[in-house]
Protein chains: 2
Amino acid sequence: MTKARVTVIDIAKAAGVSKSTVSLVLQGSSLVNEGTRSKVNAVMRELGYVYNRGAANLRQASAKSRIVGVVVNDLTNGFFAELAVGVDMVVQSAGFVQFLSNTGESIDRQREVVASMREHGISGLIVSPARATDAADFKPLVAAGIPVVVVVRSLPGAKVSSIVSDNRAGMMSAVKHLAGLGHKRIAFLGGFPDTAVFDDRLAGYRSGVEAAGLDYHEELVISSAPSRAGGVEAIGKAIALGRRPTAAVCFNDAVAFGVCDGLRARRLEPGADFAVVGFDDVIEAQTAVPALTTVSVDPQGIGRRGAQMLLKQINAGKAEAETVTTAVRLVVRESCGAGKTAPARAGKSAKSKQDAE
Amino acid sequence: MTKARVTVIDIAKAAGVSKSTVSLVLQGSSLVNEGTRSKVNAVMRELGYVYNRGAANLRQASAKSRIVGVVVNDLTNGFFAELAVGVDMVVQSAGFVQFLSNTGESIDRQREVVASMREHGISGLIVSPARATDAADFKPLVAAGIPVVVVVRSLPGAKVSSIVSDNRAGMMSAVKHLAGLGHKRIAFLGGFPDTAVFDDRLAGYRSGVEAAGLDYHEELVISSAPSRAGGVEAIGKAIALGRRPTAAVCFNDAVAFGVCDGLRARRLEPGADFAVVGFDDVIEAQTAVPALTTVSVDPQGIGRRGAQMLLKQINAGKAEAETVTTAVRLVVRESCGAGKTAPARAGKSAKSKQDAE
DNA sequence: ACAGATATTTGGAACGTTCCAATTCTGTCA
DNA sequence: TGACAGAATTGGAACGTTCCAAATATCTGT
């Protein structure tokens with residue numbers, strides 16, 4: 001109903017002080033007398049004043065906008081959703097808000113949203129770059145003094161901070177675990193071959209295989225879309241092989257779920273008839289049936305950590321690029337066949353076990 | 001490295017025109033000569049100009065900020081994540097950006113983020129209200145002329161637009177379908193009784209039962225937590241009944257999955273020995289074994305629709321509260337026993353999303 | 001070549017805040 | 001009482017844009 005906006009001047013007038021004083025109160029300055037302060041605050045409440053950050057940002061440096069941009073590839077993927085939640089947590093409690101957008105792996109869209117965010121004066125950016133992102137893409141940002149933190153996928157060449165999980169070590173431990181259970185033919189399923197993450201995980205797989213004294217066979221590496229559907233597809237190919245594998249490490253949990261689906265469709269029970277290990281440890285991994293053995297990446301932790309890193313740089317005023325790789329941890333559940341023998345699911349197809357356990 | 005920001009005045013100076021002309025170019029006005037326009041554009045590109053929306057918003061109405069706020073209850077929940085993606089789609093292609101926050105059902109946090117969004121001058125707000133949100137909470141917003149669209153959960157009493165799915169009709173069609181397959185005793189499983197959504201779905205169940213010429217028995221309504229575990233619990237109680245049901249509609253897909261688990265634990269095969277229908281059509285519904293017959297709610301569609309509604313109101317400049325209930329659609333798969341009789345299929349989902357990380 | 005259009009361009013004056021330098025108000029001490 | 005230090009307050013002048021009214025340039029037809 002009130003037509004005009006309530007401004008700092010209205011407050012000043014109503015409280016019988018100057019706009020400068022009101023501004024001081026707004027910023028919690030210690031210069032202002034306690035009595036005046038409370039009076040001003042009272043008037044503000046009474047008139048329903050809302051602070052206009054836009055106007056403030058105009059005057060102050062953009063570092064004070066208290067907006068951080070967050071760009072992810074696919075919110076629908078639990079991994080990124082959790083990442084965003086992690087970021088939101090620390091960002092919110094620091095009094096910032098987040099601009100969140102997802103690119104759907106489209107590099108054009110990424111450019112668009114980043115540009116838009118810039119126009120809105122973000123104080124910093126956390127981004128999981130879309131595939132084939134050019135390292136130079138974020139150059140203008142850092143040149144303008146806007147800190148950038150790259151998460152999940154590293155961006156070699158760009159001199160920005162980044163925080164990725166230890167993909168090599170994670171995959172290696174997964175393979176070793178399966179080998180320890182007696183598996184000799186272990187497949188690597190899913191993922192697009194042209195990404196850094198894929199390379200890292202594949203390298204970890206290879207190291208694991210060799211460390212276990214097994215041979216590395218190219219045919220056991222079957223790439224596919226890193227999605228549930230991709231998992232179904234990949235396990236199909238794997239089973240069609242002459243000497244079929246008895247276990248698989250998957251590019252991520254989505255693929256692993258797809259692999260389980262594919263197995264069941266062929267009347268094979270994941271865990272019992274074929275060992276499956278995922279990567280990420282998304283929330284569903286622990287409640288799925290069978291519960292998924294997977295490499296826990298703690299996406300929310302990455303989000304929190306990335307946000308902290310970003311805030312630090314924002315406050316420091318200068319962006320000193322640092323790279324962090326976060327530790328991962330194999331979480332053994334049921335789908336690898338080694339889990340706590342616990343949920344002895346009755347009525348399970350009693351197939352002949354191959355060689356697991 | 002360039003220390004100072006490039007402003008419209010710098011551009012003007014470099015292009016040999018006035019700042020007003022540059023502004024006109026910025027706004028794509030048809031008043032400016034074609035030659036001048038391209039020259040100005042060239043200079044802007046050359047100097048690396050970035051538009052300062054903050055300054056612009058200061059001058060223009062807040063409706064022009066091109067920011068929409070989105071608040072959801074739990075991003076980690078695939079339902080809300082998809083909703084957000086839907087919103088982002090239309091919002092982004094309309095040249096807006098979204099401020100996204102999640103409240104985790106905390107009403108205090110909700111208040112905080114909404115206040116913060118307001119300070120940043122959002123042009124509109126899409127919100128799935130946290131439980132126990134007061135209808136008056138959004139009063140100040142609409143009073144300030146900021147359109148609000150409530151999604152998923154309606155907010156009776158608040159005179160804002162809302163868009164919810166047709167829970168009644170959905171549940172009704174599910175029941176009718178089961179009755180059409182010859183089931184006489186159909187249970188309603190899962191969900192907390194004190195929510196509006198529960199009431200709607202239960203009402204739909206009842207209508208369906210009566211429309212099919214069956215009797216409504218209170219004992220067949222078994223509430224529980226709306227989760228997988230709740231489903232296991234509920235089906236346990238259902239089977240313990242004197243005259244046990246032969247089919248069930250479930251509060252949501254999570255419950256339905258739990259019901260399937262519980263059935264199998266009792267050596268009953270979902271689909272063959274007992275018909276199960278879910279609600280929501282989450283992504284896993286199509287790839288699960290057996291594939292889940294369920295009521296498709298299309299959260300992404302709700303997001304898109306809500307965003308469109310909001311944009312319309314923003315452009316109209318006035319918020320005329322309208323309420324929309326979106327159509328839902330029964331998706332018949334295997335778990336109701338009516339699916340393709342040959343369940344030995346690779347669950348190849350047509351959806352080839354690329355959810356990489 | 002000139003009036004009257006029409007097409008382009010252009011200086012300010014906002015917008016709501018912060019910041020700086022300057023001012024007024026308190027005491028306090030000699 | 002006057003001078004002085006500190007505490008508290010206060011008028012502008014920015015910040016980078018848009019908008020308005022007004023000015024100038026470019027065409028028309030005669």
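Because the structure is a prediction, the values reported are computed rather than measured. Every chain is numbered from 1, with letters handed out A, B, ... down the list of sequences.
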Check: Would you say the side-chain atoms of B:Asn102 and A:Asp88 include a donor-acceptor pair closer than 3.5 Å?
Finding: yes
Margin query: Between P on C:dT17 and CD on A:Gln60, what's the gap in Å once rounded to a whole number?
Written below: 12 Å
Check: Just how far, in rounded Å, is C1' of C:dG16 from OH of A:Tyr51?
Finding: 10 Å
Next item on the list: Counting heavy atoms from C-beta on, name the nucleotide in C:dG12, D:dA13, D:dG16 closest to the side chain of B:Lys19.
Entry: C:dG12
Next item on the list: Pick base, sugar-phosphate or nothing for A:Thr7, based on heavy-atom distances below 4.0 Å to the nucleic acid.
Entry: sugar-phosphate
Notebook entry, point to check: Got a salt bridge between A:Lys39 and A:Glu46, using NZ or NE/NH1/NH2 to carboxylate O under 4.0 Å?
Noted result: no
Check: Rounded to the Å, how far apart are A:Asn33 CG and D:dG6 C1'?
Finding: 14 Å
Checklist line | Donor-acceptor pair under 3.5 Å, A:Arg59 side chain vs C:dT17 base | finding: no
Next item on the list: Measure the distance from CD1 on A:Ile9 to P on C:dT17 and round it to the nearest whole Å.
Entry: 8 Å
Note to self: Taking the nucleotide of DNA chain C with the nearest heavy atom to each, does B:Leu24 or B:Ala55 sit closer to the 5' end?
What the structure shows: B:Leu24
Item checked: Pair of N/O donor and acceptor under 3.5 Å linking D:dG11 base with A:Ser18 side chain -> no
Margin query: With nearest nucleotide decided by heavy atoms, which residue, B:Leu58 or B:Ser30, maps closer to the 5′ end of DNA chain C?
Written below: B:Ser30
Next item on the list: Using atom CD of B:Glu119 as one end and atom C1' of C:dG16 as the other, report the distance to the nearest whole Å.
Entry: 13 Å
Notebook entry, point to check: Salt bridge between B:Glu320 and B:Lys312, side-chain N to carboxylate O under 4.0 Å?
Noted result: no
Next item on the list: Measure from the side chain of B:Val32, starting at C-beta and using heavy atoms only, and say which of D:dC19, C:dT18, C:dT9 lies closest.
Entry: C:dT9
Margin query: With a 4.0 Å limit, can you tell me whether A:Thr36 has a side-chain N or O closer than that to the phosphate oxygens OP1/OP2 of D:dA8?
Written below: no
Item checked: Nucleotide D:dT17, atom C1' - distance to CE of B:Met44 in whole Å -> 14 Å
Notebook entry, point to check: Any ion pair linking A:Glu82 and A:Arg304 (charged N to carboxylate O, less than 4.0 Å)?
Noted result: no
Note to self: As a test of reading the structure: which of D:dT18, D:dT17, C:dT18 is closest to the side chain of B:Tyr49, going by heavy atoms?
What the structure shows: D:dT17
Next item on the list: May I ask you to evaluate whether A:Gln27 reaches the phosphate of C:dC19, defined as a side-chain N or O under 4.0 Å from OP1 or OP2?
Entry: yes
Next item on the list: Run the salt-bridge test on A:Glu322 and A:Arg305 with the 4.0 Å N-O cut-off and return the result as yes or no.
Entry: no
Next item on the list: Mind calculating the distance between CZ (B:Arg37) and P (C:dT8) to the nearest angstrom?
Entry: 10 Å
Checklist line | A:Leu26 side-chain proximity, nearest of D:dT18, C:dT8, C:dT18 | finding: C:dT18
Checklist line | Salt bridge present between A:Arg37 and A:Glu34 (N-O < 4.0 angstrom) | finding: yes
Notebook entry, point to check: Just checking A:Ser20: base, sugar-phosphate only, or nothing, at a heavy-atom cut-off of under 4.0 Å?
Noted result: base
Notebook entry, point to check: Counting side-chain heavy atoms from C-beta on, which of D:dG16, C:dA13, C:dT17 comes nearest to B:Asn52?
Noted result: D:dG16
Item checked: Interatomic distance, A:Asn57 CG vs C:dT18 P [rounded to whole Å] -> 10 Å
